[in-house]
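So you know, we letter chains A, B, ... as the sequences are listed, proteins then strands, and number each from 1. Given the structure is predicted, the values throughout are model-derived calculations rather than measurements.
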2 protein chains.
Amino acid sequence: MPPQSATSTISLSVIKTACSNCNLRELCLPFGLSLDELERLDDLVSTRRRLKRGEHLYRSGMPFDAIYAIRSGFFKTDVLLEDGREQVTGFQMAGELLGLDGISSEHHTCNAVALEDSEICAIPFSRLESLSREIHTLQHHFHKVMSREIVRDHGVMMLLGTMRAEERLAAFLLNLSQRFTARGFSHAEFYLRMTREEIGSYLGLKLETVSRAFSKFQEEGFIAVQQKHIRILDVNGLKALMNHRA
Amino acid sequence: MPPQSATSTISLSVIKTACSNCNLRELCLPFGLSLDELERLDDLVSTRRRLKRGEHLYRSGMPFDAIYAIRSGFFKTDVLLEDGREQVTGFQMAGELLGLDGISSEHHTCNAVALEDSEICAIPFSRLESLSREIHTLQHHFHKVMSREIVRDHGVMMLLGTMRAEERLAAFLLNLSQRFTARGFSHAEFYLRMTREEIGSYLGLKLETVSRAFSKFQEEGFIAVQQKHIRILDVNGLKALMNHRA
DNA sequence: GTGTAAGCTTGATCCAGGTCAACCGAAATG
DNA sequence: CATTTCGGTTGACCTGGATCAAGCTTACAC
């Protein structure tokens, strides 16, 4: 449901350090830049960093000074209530950005955790702001990225506010599939990086409900599930689930 | 729960047309600007517009070219699913911005409807972008506003994903109260501009459940309700509702 | 390898909130 | 002023998903 990016294929060949050579650049920030502008962009990224599965990229409350572009890997962001309740606010994959929520208060307002070994680029926010004062295209693209995040969140609100359990899971699978496709991976077959509990938290359901819905979808022939391995057999079946009433 | 602004009091005296004289300016966009910068800001606003209760400011799908600052009045934004289901994504009051979601696709992605007679300023987005390339403070403030919207949405996701009916309504009332306070109105007494059904849609509940929760709060002495008129009698009572488990 | 823990599935039961329905009050309309 | 309509309240009942519980599978530690 909430689209996060929609660009074509990526060959995962050579990886150099420069932004101007980053094959994820279409997905992260700039495109349509001149050669000169592309070169100046390389100043933008200060650090690359690898994270092991389970490691935090940042934690709620930490001072904010950079946003992060995911080069490879998979993340979740979550918010914790004082009483221990957790809400997963999103799952992010290669080519997507993390940390936009921190701009408002200059502190991060959620936790970002790697769900598999990952690699990120840190983009110091003040540098991004000054560069985007000079490069119109960059500025505009950044605003679009922030706005897209707002639209995505509205999609999640719709999902949590009006959909029933199976619709939510169908929407979730279709969204993942669509994002994998945009990155040149199979749209029909993928490994989930998150647990049933994390999916449940994101969708406002308990893990048992998620598990039951997976089984139901399998019985109906929409998907084949084996633990974290998912194969989508009938996209239209899943889509149909979402459309006619509840 | 999701804070939308936190600034001090406002005297609702003289209203002139210029942005530089707008007494809502702290809440909308710029502050900390030089006199010179303030004057240039007046170029930003192209149109003022009055809307009657029930009128749409914009509709989903319409081309986006401006964001809107609310001078007075009260709005809701909502998204409609093909099958007729509605999700209210937010309520906005004087001093808040509307339309940020439209930047991403250059089309509005939700409807904005006045819930009472209202007045807005249209801020052409391209002009905002070019001015914020020149005025650092404006740029930074705008980014904070967008980011705050994302944080607010995460708060709503938390609410929809993890809270039970009464917690949701308590959070909603406390949030409204806090925002009225920030605008110099009474924090303890106000009129709701929206129906029970709209509150329910926002909170992921049915109108009957909202109504019952209001009655329950009244029985317990936390509030006094009479239709749309609300008096908060025990803020701590409401806060307590939210904290200990569900 | 073997043991253990973490994650997943499935069944049985329960309850918060949805659904359906009746009624009431306020405010808009003629 | 009478009438209709819209929004709100309250009750009775029902159900989707939560909760509790048991067993299974996979992956990791030793």
Side-chain angles (χ1 to χ4, degrees), chain A residues 52-54 76 84-88 113 115-117 159-173 191-220 223-230 241-242 245-246, chain B residues 52-54 76 84-88 113 115-117 159-173 191-220 223-230 241-242 245-246:
Chain A
K52 288 224 162 296
R53 174 158 151 255
K76 71 166 177 182
R85 279 181 277 183
E86 179 198 26
Q87 172 75 32
V88 172
V113 188
L115 294 182
E116 62 180 12
D117 295 359
L159 184 145
L160 292 172
T162 75
M163 293 187 179
R164 17 190 71 263
E166 287 175 18
E167 294 179 281
R168 295 184 199 187
L169 190 65
F172 172 73
L173 288 174
Y191 279 91
L192 298 173
R193 278 12 192 271
M194 70 296 278
T195 67
R196 301 288 191 262
E197 187 167 20
E198 286 162 337
I199 297 173
S201 168
Y202 181 62
L203 300 178
L205 302 170
K206 292 291 153 176
L207 68 98
E208 294 94 330
T209 307
V210 174
S211 180
R212 275 185 247 271
F214 271 129
S215 304
K216 179 94 176 301
F217 288 175
Q218 174 148 299
E219 276 164 36
E220 316 227 305
I223 62 172
V225 209
Q226 204 189 3
Q227 304 285 121
K228 306 209 141 141
H229 181 241
I230 303 282
L241 255 182
M242 297 177 48
R245 183 43 209 144
Chain B
K52 289 222 160 299
R53 173 157 152 259
K76 72 167 176 182
R85 280 180 277 182
E86 179 198 25
Q87 172 75 33
V88 173
V113 188
L115 294 182
E116 62 180 11
D117 294 359
L159 184 144
L160 292 171
T162 75
M163 293 187 178
R164 13 191 73 262
E166 289 176 18
E167 295 179 281
R168 295 184 198 186
L169 190 65
F172 173 73
L173 289 174
Y191 278 90
L192 297 173
R193 268 45 191 241
M194 70 296 280
T195 66
R196 302 288 191 261
E197 187 168 19
E198 286 163 338
I199 297 173
S201 169
Y202 181 62
L203 299 178
L205 302 169
K206 293 289 152 176
L207 68 98
E208 294 94 330
T209 307
V210 174
S211 180
R212 275 184 247 269
F214 271 128
S215 305
K216 179 93 176 300
F217 288 175
Q218 176 148 4
E219 277 166 36
E220 314 227 307
I223 61 172
V225 208
Q226 203 188 4
Q227 304 284 120
K228 305 209 139 137
H229 181 239
I230 302 282
L241 255 181
M242 297 177 48
R245 182 47 207 142

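- With C:dC8, C:dG17, D:dG8 as the choices, the nucleotide that has an atom nearest any side-chain atom of A:R196 turns out to be C:dC8.
- The environment of CD in B:Q218 is crowded: more than 12 heavy-atom neighbours from other residues, nucleotides or ligands sit within 6.0 Å.
- Within the structure, every side-chain polar atom (N or O) of B:T195 is placed at least 4.0 Å from both OP1 and OP2 of D:dG7.
- Going from atom CD of A:E166 over to atom C1' of D:dT15 covers 14 Å, rounded to whole Å.
- Distance, A:M163 CE to D:dG16 C1': 17 Å, rounded to whole Å.
- One interatomic measurement links the two molecules: CG of A:L203 to P of D:dG17, which rounds to 12 Å at whole-angstrom precision.
- In this structure, B:L207 reaches the bases: a heavy-atom distance under 4.0 Å links it to at least one base atom across the strands shown.
- Scanning both residues, A:A171 and A:L159, for their nearest heavy atoms gives CB-CD1, 3.9 Å.
- With hydrogens and angles ignored, a donor-acceptor pair closer than 3.5 Å exists between the side chain of A:R212 and the base of D:dT19.
- At the phosphate of C:dT9, neither OP1 nor OP2 sits under 4.0 Å from any side-chain N or O atom of A:S215.
- If one axis is set at each end of the helix from C:dG1-D:dC30 to C:dG30-D:dC1 from five pairs, those axes are 50° apart, to 10°.
- A pairwise comparison of heavy atoms in A:V113 and A:G54 identifies CG1-O, 3.6 Å as the closest pair.
- Nearest heavy atom pair, residue A:M242 against residue A:A170, reads CG-CB, 4.0 Å.
- Picking from D:dG17, C:dC8, D:dG8 the nucleotide with the shortest atom distance to the side chain of A:K228 gives C:dC8.
- To the nearest 0.5 Å, atoms OG (A:S201) and CD (A:E86) are separated by 4.5 Å.
- Put simply, CZ on A:R85 is 14 Å from P on D:dA18, counting in whole angstrom units.
- Checked by atom type and distance alone, the side chain of B:R193 never pairs as donor or acceptor with a backbone atom of B:L115 at under 3.5 Å.
- Across all strands shown, A:G204 has heavy atoms under 4.0 Å from sugar-phosphate atoms exclusively, and none from any base.
- Spacing between atom CG of B:L169 and atom P of D:dT9 amounts to 11 Å, rounded to whole angstrom units.
- When rounded to the nearest whole Å, the span between NE2 of A:H229 and C1' of C:dC8 equals 17 Å.
- When all heavy atoms of A:M194 and A:K228 are compared, the pair lying nearest together is O-CE, 3.4 Å.
- Note on A:S211: a base of the nucleic acid sits closer than 4.0 angstrom, heavy atoms only.
- Rounded to whole Å, the distance from CG on B:L160 to C1' on C:dA16 is 16 Å.
- Rounded to an integer number of Å, the gap from B:E219 CD to D:dT10 C1' is 11 Å.
- Here the shortest heavy-atom pairing between A:F217 and A:E166 reads CZ-O, 3.4 Å.
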Subject >> Working for side chain to side chain contact (heavy atoms under 4.5 Å, CB included), residues A:T195 and A:L207 >> reply: CA-CA 9 Å; A:T195 67; A:L207 68 98; over 6 Å; no
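- With rounding to the nearest 0.5 angstrom, the CD atom of A:Q226 is 13.5 Å from the CZ atom of A:F214.
- The side chain of B:K206 lies closest to C:dG18 when the candidates are C:dG18, C:dT9, D:dA18.
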Subject >> Heavy-atom protein contacts under 4.0 Å, nucleotides 21-30 of chain D, coded B base, S sugar-phosphate only, - none >> reply: ----------
